[in-house]
Each structure stands twice: as structure tokens, then as C-alpha cells.
Amino acid sequence: ATVISKMAAVPTYAEDKARCKRFLEEYEGSSLQTSYLEQLQNVANRSQSAVVVELDHVQEFDDDLAASILKNTRRYSDIFSMAIDEIGTTPDARAENTQTVLDVFIQHRTVLAQNAIANAAQPADAARQRYPPRLLRRYQVLFNPPSLTKSMSIRQIDAACVGKLVKLEGIVTRATAVKPSITVATYACDVCGSELYQEITGPNFMPKFQCESQECSANQRKGRLSLQTRGSKFEKFQELKVQELARDVPTGSIPRSLTVHCYGNTTRKASPGDKVTISGVFLPVPYSGFKQIRVGLLSETYLEAQIIEKAKKGHEEQQLTEERKAEIMELAGEPDMYSRLANSVAPAIFGHDDVKKALLLLLTGGVDRDLSDGMKIRGDINICLVGDPGVAKSQMLKAVAELSPRAVFTTGRGSSGVGLTASVTRDTFTGELLLEGGALVLADNGVCCIDEFDKMDDSDRTAIHEVMEQQTVSIAKAGITTQLNARASILAAANPKQGRYNTQVSASTNINLPPALLSRFDLLFLLLDTPDVEADMRLAHHVTYVHQHNDYPPVENEPVDKELLRQYISLARQHTPHITEDLTDTIVGIYVNMREEAVQDPNSQTYTSARTLLGILRLSTALARIRLSDSVADYDIEEAVRLMHESKSSLRERTKSNEEVGNKNMNVFKIFEIVKGMMRGKSKLSIKRIKEKLADKGFQGSEVQQFFDVYTGGGVYRYDEKRSNLILVMAEEAELMS
């Protein structure tokens, strides 16, 4: 009796359909929401192609129905579709005429069937009255899970989730091209002219070849069927590969992946590299062919996507409310707005104010110029950070990658030329050759952060040259010749050639990057770790506070939160500032003076070219965007030139100090070369022997002592315990490691 009572409590198919229909017709919700009847009217008017059912609304209306939908989503998708068909909304008179070929085809067949039913003397062919419901539908039913539903990792989805609506987080690693998938096949008989329909429910189907109509059966004829593409229904289909997040991977394990099938409205919602939250139905699909024989009872699983949401929306996808716009405009009116936004880039990092301002301009970007002859001048800003270890270069790269809606973070040693540009792969479905974009292509309309830039092989580094100026990737592989867009800003971080900056050699020797590559960077910052008592105390207090409170210390210009900064930049990028006529002479004069200074200074470590002028223009338009202005002002150009001078001032200061040291004693470096030659193949050398050798060469005692002070203080050599021998530090470290 208990079992019978439980079975009686389970609603029938008709009762479920009635509940779904009642929900669609009666649920109203708040005045700010679109009712479901309005959604159905939009579907009838062809202004909307998906009916999104919010399970929060269903829970308010009928809690049992919401629980049933969560447990058996695929079944209730069909039930809601049948309820919508019964409601039968007709288009408005104001609706635009957007009939497709399939609409005309179905309308003609429907009229034929109605005429046949009305005229009893001429009975209609039964097959003509059996139109599959999916053929007549011009909408898609999607379910959005309750707002309190927690996201799962791919590893947590198991056999108990089959058929249920699940919500998961992951990173899209692969996205196929969007292709048509047949859902209803229409056949025509070449003998009797009858039309047959076949619904496709799986990944494979067997086409029909023989006519099954009453006319052919009565005449005992086997008419041949031919597929009518015009009368069949096709749906957009895309396959995604989603990989679990790094935080969800257990220690010692590799990330797991899941296949996601997207139909209709859910296609083109995500690209490789996007962090997404996907709600969908977890379903099995049996293997076919020889693979089925090999795997036996096992099935492949996939997720049929219902709702796809990006964790970080792109600049063009940001939808700002009026309150948020008012908050941004209020922030833009503050006098210290520029400094406050710059401090918000990486508030936990101490100092580097000018570097943070440059990174803010990199996120905002300049204005692209498309000339009438087809030439394009890039507006994206490229920045290179060169400095000693421990000056927070990598942390600043991570902060920019976190702020940018589309960013790719990679390292020089772990990146190859193919990994940066594009590789040729074979499609698992069709077997044809495909191009898969690398890091620079994935960062299109975003930022590509490359750490350890100096560790990259020269052959791989050449792949970046084209991207940094032309912003394209040219490919000629496996018979595929094409160009891919790579409209990305490059943010690179590198160490000096010998790990730390050597004050005894020139800046160009320290940086160790080719001039052709350096000229493509709009700003080159040299970050040196120089001892300074006051600065070191402030840094130590800052780091100690961060470790104690897990937050940055209070500052005068309170940083804004990441989401507000991201939305501010999105609003700023909508402006396209132009350079007025009265600023032409100012810009020309600045560029000519910079060229003259470069000619007059024979020891200049940088090269001033036309790219320097373009860099000033890019920085000034980015500064105008920060002000939410459509025109560049003179103080924008002044700030751009100041940033460019500040980026090179560290080079000039270091070079100037090198010249001062050299002017005081030009022989210290010569002594170093002599001692290095004496110590070749050895780890230590007698100080007495060194002094005798240098005395024979004519060096004075003060010069020799200065050599000892400079190179023992710099960590190149050290004394032994008795101060009688000079020991090479690098050789000692290598001996300890071995």
C-alpha cells in the first residue's frame, strides 16, 4: 500500500505539462522582470530565440516542480516546449516579416494538411499530418539553476549527476568552429511525392531510403527517398573542451577535462582561455563502431550547455548601470584620479608609482588608426620591465593579467614559437587540419604577459616581432596560408644578462635584447635594487604590514576595487580621442628635440626613432581616455613625455654613475680584466701575487685597493678567513652545488 501511495504521488505526464503551462501563464514576478508571456510573444515576433526559465522563479511558484526539473532536466525541457506549443502565441502586427525558407515550406505543408482534413472526400495522407514538433519550433528552452546553487569542479561530477542540471567552473581550452547540426531530416519520395520526417536525437543516425507512405504500400512500390535540405531543420552546434581550475586539482594529479555541447543560443559564448561557469545537463553517449567493442559497457559523457557565463567580461560586454556610471563619473572628476587609479593596479606592491601609471595606460590602450589606403597603426601599448631579482616584476605581471578581461600569462622558457603563434592540429570529428591559436592569438584584444623574457630562445623570440608592430600572425604550414589577428599589448619582464645589473658595463650589454625588439616597446623600465636606508625601511614596514593583516596598509589615495577599475577602463575605451591642430607644433618640437639630444649624446643607451613619436601619441591618447575625454590636451602630451623620460632616466642615471666612477678611476675595470685572466681555471688566488702582478703593470696601491673594495662589495670575490687569498664566489657556489 505504501508503494502504491508513493506511485500515486508521482505526477503524470499530463499533470506535469499542466503545471508548466500554468507557470508560464500565471507567474509575474517583479515589475523589472520580463514575464514569460512577454518572452513567448518575443519568440513569436522572432526578436528572441530562447526562452530562459529561471528556477528561482519556479521555486517561488512550485517548489516540487523546481526539484523535479533539477533531477530530470532533459524531460522537462520537452514538457515546457509542449506547453509553449499549446499556448500558441501569434506574432504582433508590428512584428517584422522575418520569414525564412523553412517557414514558407512549413506554412505551405500546414495549409495542405488543413485542406485535406477539411475535405473528407479527399482523405489526407497520414504522413503529411505528422509534422515533428521540433520542426515547427523556432525557440529553445534553457534552464538557469537557482542562484544558491554552488559550482562544482569537474572532478566532483559523477554517475549520480547523470540527467541532472549541474553547475561547474573551468577554463575553456578548445572551441571548435560553429557548424550546422541536423535535428529533423525531411525526405521526399520520387514516386508518390510524399514527405517523411525523421527526428535526430543522437550524434549519429541512419538515413531512410524507402518510402513508407500508404500510397506506395498500397501499390506495392518501393519509392526512393531523397533528403530535402530546404525542408530539414538545422541547428548551430559547437563543442567546447573545459578543463578544471588549478585550485581544484589535487596534489600530484593532472587536470581533468569535460566535453561541452553547445546548441543554438549557447554557441559562441566562450573562447579558448576564458574562465567560465557553465550550467548544463550531464548526459552519457554510447560509443559507436569498433570503439564500442573495445570499451564494452562504458559510455562517454558530456555536458549539454544551458547557461554559459564568463568570469571576466570583455570591455565590449560590460553593461553598466546608471548608478555605476554615476560613480565612475564622480571618480573621473576627482583631482587625484590618475594617481588613485594607478595605485589600484597593484596596491600590495610598494613603490613603482611611474611603472603602475604605465601599466594603467597599457590596460586602457591608445587609439587604433585605420588609414584610407588600408594601412593600420596600432594603438596597443607595449612595455618591458628589466630589473634585478626581487623587485616585484612578476607580481606586477600577475596583477595586470588579473585586471585585464582577456589576458594570457606565459614564461619565456616554457614558451615555444609555435606555442606563441599557432599550431596545426587535426579535428577529432572531421579529420581535417585546423589551426589552433597560441598565446598571442588567444590574447587578441587583451594583454599577453611574458615573464622571463630574456630566457626565451632567439628563434622563438622572433615570432613576437610581427605581433608587436603589425599585430598579426602570418602562418604558412601544412598547406594552410593565412593571417591571424593578435591585437594584443605585450607586457614583458626580464632580468639583466648576468642575473643582476652590472654597474661596470653598459646598459645595452646588461639588457641583452636585440635593438629591433627593444624599439618596439613604447616604454622600457629599468628597476634596480639599490641600497637606500629610508626606502628600505619604508619597504620593510610595508611588507611586514601586508604579512600581518593580509592587506595593503592605508594610503592617502585609497585604491578602488578591481571590478570598478575594470568597468572604468571599459568606459574609457569607448572614447576615441583625436589630436587637435594646435598641438601639432608641440609634438613636432618635442620629437625634433629628442632626436637632437640623441645625436649630441654619443653615450646614449637608447635609440630615438619614429616609433618613439608613435609611442608618445599612443600614451597621450591613452591619458585622454583616462580623463574620459575625446580630445588630447597639452598636459597629456607632457605626461606622456615625462613617462618616457622616466622610463629611460634609470638608464641615464646608471650610465652617468658609471661615467663618474670611470672618470675617478678608469683603471679599475682594467685591473678586473687582469685578475680575471690570472684566475682562469682557478677558484682562488693569493692577494700578494695579485699585488705584485699589478705593480709590474704600473698600477698604484690606491687603485688596487679600490678594485678590492668594489668587487668584494659587489659579491664577485670574497676574502678567505686570513684575508690572504681572493676567492671567486661563483666558482665556490658551483662547487657547493656539485
Side-chain angles (χ1 to χ4, degrees), residues 34 39 43 48-58 69-70 73-74 76-77 80 139-157 161 163-181 183 203 235-248 255-283 285 301-319 404-408 429 436-437 442 444-446 563 566 570:
T34 304
Q39 285 196 51
V43 168
Q48 186 175 334
S49 58
V51 179
V52 180
V53 179
E54 300 284 345
L55 292 189
D56 283 331
H57 300 167
V58 182
I69 293 173
L70 285 171
T73 311
R74 175 66 78 85
Y76 280 91
S77 177
F80 265 92
Y139 60 87
Q140 187 181 10
V141 177
L142 301 174
F143 292 103
N144 196 7
S147 54
L148 297 178
T149 304
K150 292 185 178 180
S151 298
M152 307 168 68
S153 68
I154 296 176
R155 205 171 290 266
Q156 293 172 328
I157 299 176
C161 300
K164 296 181 180 179
L165 187 65
V166 298
K167 186 177 181 181
L168 63 89
E169 284 185 315
I171 296 177
V172 180
T173 57
R174 187 170 179 268
T176 64
V178 178
K179 294 185 178 181
S181 174
T183 56
E235 203 172 19
K236 292 185 292 184
F237 171 76
Q238 185 181 27
E239 185 185 78
L240 304 178
K241 275 284 186 184
V242 179
Q243 182 177 290
E244 63 182 335
L245 300 175
R247 67 168 184 261
D248 298 328
R256 290 186 182 177
S257 297
L258 181 66
T259 303
V260 179
H261 289 180
C262 305
Y263 293 93
N265 266 36
T266 57
T267 57
R268 295 191 177 97
K269 293 288 186 181
S271 304
D274 290 339
K275 181 182 174 183
V276 293
T277 301
I278 302 179
S279 304
V281 189
F282 188 60
L283 295 170
V285 57
T301 55
Y302 69 96
L303 191 74
E304 188 176 295
Q306 299 282 312
I307 304 293
I308 299 178
E309 297 175 345
K310 289 185 185 178
K312 293 190 293 186
K313 292 185 178 180
H315 292 301
E316 65 282 353
E317 298 171 348
Q318 293 280 359
Q319 296 179 352
S404 177
R406 189 170 185 82
V408 176
F429 281 112
E436 281 200 6
L442 294 180
D444 188 30
N445 287 326
E563 189 60 31
R566 202 175 287 133
S570 300

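Interatomic distance, S151 OG to L168 CG, rounded to the nearest 0.5 Å: 7.5 Å. Distance check, rounded to the nearest 0.5 Å: OG1 of T176 to CG of L240 gives 7.0 Å. Taking NZ of K167 as the reference point, atom OG of S279 lies at 5.5 Å (rounded to 0.5 Å). In this structure, the separation between CD on Q306 and OG on S77 is 6.5 Å, given to the nearest 0.5 Å. The CZ atom of R256 sits 9.5 Å away from the CD1 atom of I154 when rounded to the nearest 0.5 Å. Here the NZ-OG1 distance, from K236 to T266, works out to 8.5 Å after rounding to the nearest 0.5 Å.
Considering R247, K150, K310 in turn, R247 is the only one that fulfils the salt bridge (charged side-chain N to carboxylate O under 4.0 Å, His left out) rule with E169. Of the residues listed (L258, V260, V166), the one engaging I278 in a side chain to side chain contact (heavy atoms under 4.5 Å, CB included) is V260, and it is the only one.
Partners of Y302 according to the ring-ring contact (aromatic ring centres under 6.0 Å, His included) rule, which considers only residues two or more places apart in sequence or in another chain, are H261. The side-chain contact (heavy atoms from CB on, under 4.5 Å) check on E309 picks up I307, with sequence neighbours excluded. Here Y76 pairs with nothing under the ring-ring contact (aromatic ring centres under 6.0 Å, His included) rule; sequence neighbours left out. Qualifying side-chain contact (heavy atoms from CB on, under 4.5 Å) partners for K241, counting only residues two or more places apart in sequence or in other chains: T173, R174, T259. Residues satisfying the salt bridge (Lys or Arg N to Asp or Glu O under 4.0 Å) test with R74, not counting sequence neighbours, are E304. Checked against side-chain contact (heavy atoms from CB on, under 4.5 Å), Q39 has the following partners two or more places apart in sequence or in another chain: T34, Y36, Q48, V51. Partners of E244 by side-chain hydrogen bond (donor to acceptor under 3.5 Å, both in side chains), not counting sequence neighbours, listed by chain and number: R155. Scanning for side-chain hydrogen bond (donor to acceptor under 3.5 Å, both in side chains) contacts around T301 gives an empty result, with sequence neighbours left out. Not counting sequence neighbours, Y263 has no partner by the side-chain hydrogen bond (donor to acceptor under 3.5 Å, both in side chains) test. Remark: Q140 engages no residue in a side-chain hydrogen bond (donor to acceptor under 3.5 Å, both in side chains) (not counting sequence neighbours). Residues forming a side-chain contact (heavy atoms from CB on, under 4.5 Å) with V408 (at least two apart in sequence, or on another chain): A439, L442, A443.
With a 4.5 Å cut-off on side-chain heavy atoms, L55 and T149 do not count as touching.
Nearest heavy atom pair, residue V172 against residue A270, reads CG2-CB, 4.0 Å. In this structure, A50 and N265 approach most closely via the heavy-atom pair CB-ND2, 3.4 Å. In plain terms, the two heavy atoms of P146 and L70 that are nearest each other are CD-CD2, 4.0 Å. Closest approach of V242 and G170 over heavy atoms only: CG1-CA, 3.7 Å. Across all non-hydrogen atoms, the minimal contact from G264 to T267 is O-OG1, 2.8 Å. Listed here is the closest heavy atom pair of V43 and Y139: CG1-CB, 3.6 Å.
Side-chain atoms of Q238 come within 3.5 Å of backbone atoms of R268 as a donor-acceptor pair (strictly under, hydrogens ignored). No side-chain donor-acceptor contact under 3.5 Å links N144 to the backbone of V52.
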Which is it for I69 and L165 under the side chain to side chain contact (heavy atoms under 4.5 Å, CB included) test, yes or no, and what are the steps along the way? CA-CA 8 Å; I69 293 173; L165 187 65; 5.5 Å; no

